[in-house]
Amino acid sequence: MKIIAGNWKMNMLKAESEKLIKDIIPFAQASSDTVVAFVPFVYLETAISLAKGTKLKIGAQNVHWAENGAFTGEISAQMLVDIGAEYALIGHSERRQFFGETDKSVNGRLLAALKCKLKPIVCIGETLIQRQSDQTEQILNMQLKSALEWIEKAELPKIVIAYEPVWAIGTGITATSEQADKTIEYMKNWMIKQFGVSAPVLYGGSMNEINAAELLAQKHIDGGLIGGASLSSSKFGKIINAK
Ligand code: PGA
């Protein structure tokens, strides 16, 4: 079973969001995979009520590390669980790039999500310069090590990692399926070495209705995190049906 997750980012208004949720529900219902939509905070409750009783899971695009307190503008794991959200995206490269997210804060958010039984998808990935200068493995080691600090072996299967090479996000350039598979295999081996077990790992970065089947057919790829193509129900539906 794979996980196919759509990251809507900061797109669409209420009516379009409602339509997209309604339009992707039939694909989720017909699929044996787990289908998740990461919708903007303000539309979470609407999406949750529309998806109620269906197989579509709803997640938030971020979650704060503290239980509560003086953190103006932030949303806690407990609040998300309170309204019925099941998933949270953590450490997306846009959060790291534009909002000062660090490996340490990613770890805090992950611990907070697990504590509240919110299912985390933690994003990891190297930049183009890092790949070109042969630093990919070193960067992935570092990001994984910090993200998974204080995590116990038994918690690994409750975590999902998304390998998202930064150079492939929103650029139309996908990692080749071999590149993605090899890197994900490397990440899984790293986790097995550290914990004796690996979390599932998704691929993300310009995945679309055309390249999805090949990427998802790779041995080590457990699903996809899709940005741009998740905003169209027909494209996202084709990705859900790809394989
Ligand atoms: P993209 O985004 O599919 O538009 O490249 C992926 C992501 O940011 O999760």
Side-chain angles (χ1 to χ4, degrees), residues 2-12 16-17 20 24 27 33-41 43-44 47 56-63 85 87-101 106 109-110 113 119-128 130-131 139-140 143-144 147 159-177 179-181 183-184 187 199-216 218 221-243:
K2 307 238 180 221
I3 299 172
I4 307 295
N7 173 15
W8 293 8
K9 309 192 180 184
M10 194 175 73
N11 288 297
M12 294 185 302
E16 299 162 281
S17 303
L20 186 52
I24 59 179
F27 293 105
D33 294 333
T34 300
V35 181
V36 190
F38 287 103
V39 309
F41 282 126
Y43 303 130
L44 275 174
L56 179 66
K57 313 280 184 201
I58 305 297
Q61 295 175 14
N62 198 9
V63 57
Y87 280 79
L89 206 55
I90 295 175
H92 189 279
S93 67
E94 286 149 16
R95 299 290 324 164
R96 295 175 188 256
Q97 191 181 346
F98 303 125
F99 303 100
E101 196 81 63
V106 167
R109 292 174 202 271
L110 174 61
K119 295 181 185 125
I121 299 190
V122 181
C123 304
I124 303 284
E126 81 287 0
T127 63
L128 185 58
Q130 289 162 343
R131 178 163 278 264
I139 295 295
L140 296 175
Q143 291 184 356
L144 281 170
I159 300 170
V160 177
I161 305 284
Y163 168 56
E164 296 210 306
V166 179
W167 46 273
I169 297 177
T171 57
I173 306 166
T174 349
T176 64
S177 48
Q179 245 171 357
D181 192 52
T183 312
I184 288 176
M187 291 166 65
V201 184
L202 316 182
Y203 170 77
S206 296
M207 189 186 274
N208 59 35
E209 69 287 7
I210 297 157
N211 58 30
E214 192 184 322
L215 284 160
L216 295 172
Q218 301 305 309
I221 302 182
D222 298 311
L225 180 57
I226 299 107
S230 74
L231 298 174
S232 147
S233 58
S234 71
K235 288 183 186 171
F236 193 55
K238 281 188 186 137
I239 299 172
I240 295 169
N241 290 335
K243 271 172 290 145

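Along the sequence shown, the residues carry numbers beginning at 1. From a predicted model like this one, the values you see are computed outputs, not experimental measurements. Atoms within a ligand are numbered from 1 in the order they appear, just like the ligands themselves.
Counting only heavy atoms of the protein, atom 9 (O) of ligand 1 lies nearest to Glu164 OE2, 2.7 Å. The protein heavy atom nearest to atom 6 (C) of ligand 1 is Gly227 N, 3.5 Å. The protein atom (non-hydrogen) at minimum distance from atom 4 (O) of ligand 1 is Gly228 N, 2.9 Å.
When heavy-atom distances to ligand 1 are checked against a 4.0 Å cut-off, Ile169 comes that close through both its backbone and its side chain. Contacts of Cys123 with ligand 1, taken as heavy-atom pairs under 4.0 Å, are absent altogether.
Taking any N or O of Thr171, backbone or side chain, none lies under 3.5 Å from an N or O belonging to ligand 1. Ligand 1 has a nitrogen or oxygen under 3.5 angstrom from a nitrogen or oxygen of Gly170.
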Side chain to side chain contact (heavy atoms under 4.5 Å, CB included) assessment of Ile240 paired with Asp33: CA-CA 8 Å; Ile240 295 169; Asp33 294 333; 5.6 Å; no

Let's go through Phe41 and Asn62 carefully: what are the C-alpha distance in whole Å and the side-chain angles of both, what is the deciding distance for side chain to side chain contact (heavy atoms under 4.5 Å, CB included) to 0.1 Å, and is it a yes or a no? CA-CA 9 Å; Phe41 282 126; Asn62 198 9; 4.2 Å; yes

Dump the intermediate steps for side chain to side chain contact (heavy atoms under 4.5 Å, CB included) on Gln61 and Glu94, then the final yes or no. CA-CA 11 Å; Gln61 295 175 14; Glu94 286 149 16; over 6 Å; no

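Two residues are said to be in side-chain contact when any heavy atoms from C-beta on lie closer than 4.5 Å; Asn208 and Lys235 fail this criterion.
Near His92, with a cut-off below 4.0 Å to any heavy atom, the atoms of ligand 1 are 7 (C), 8 (O), 9 (O).
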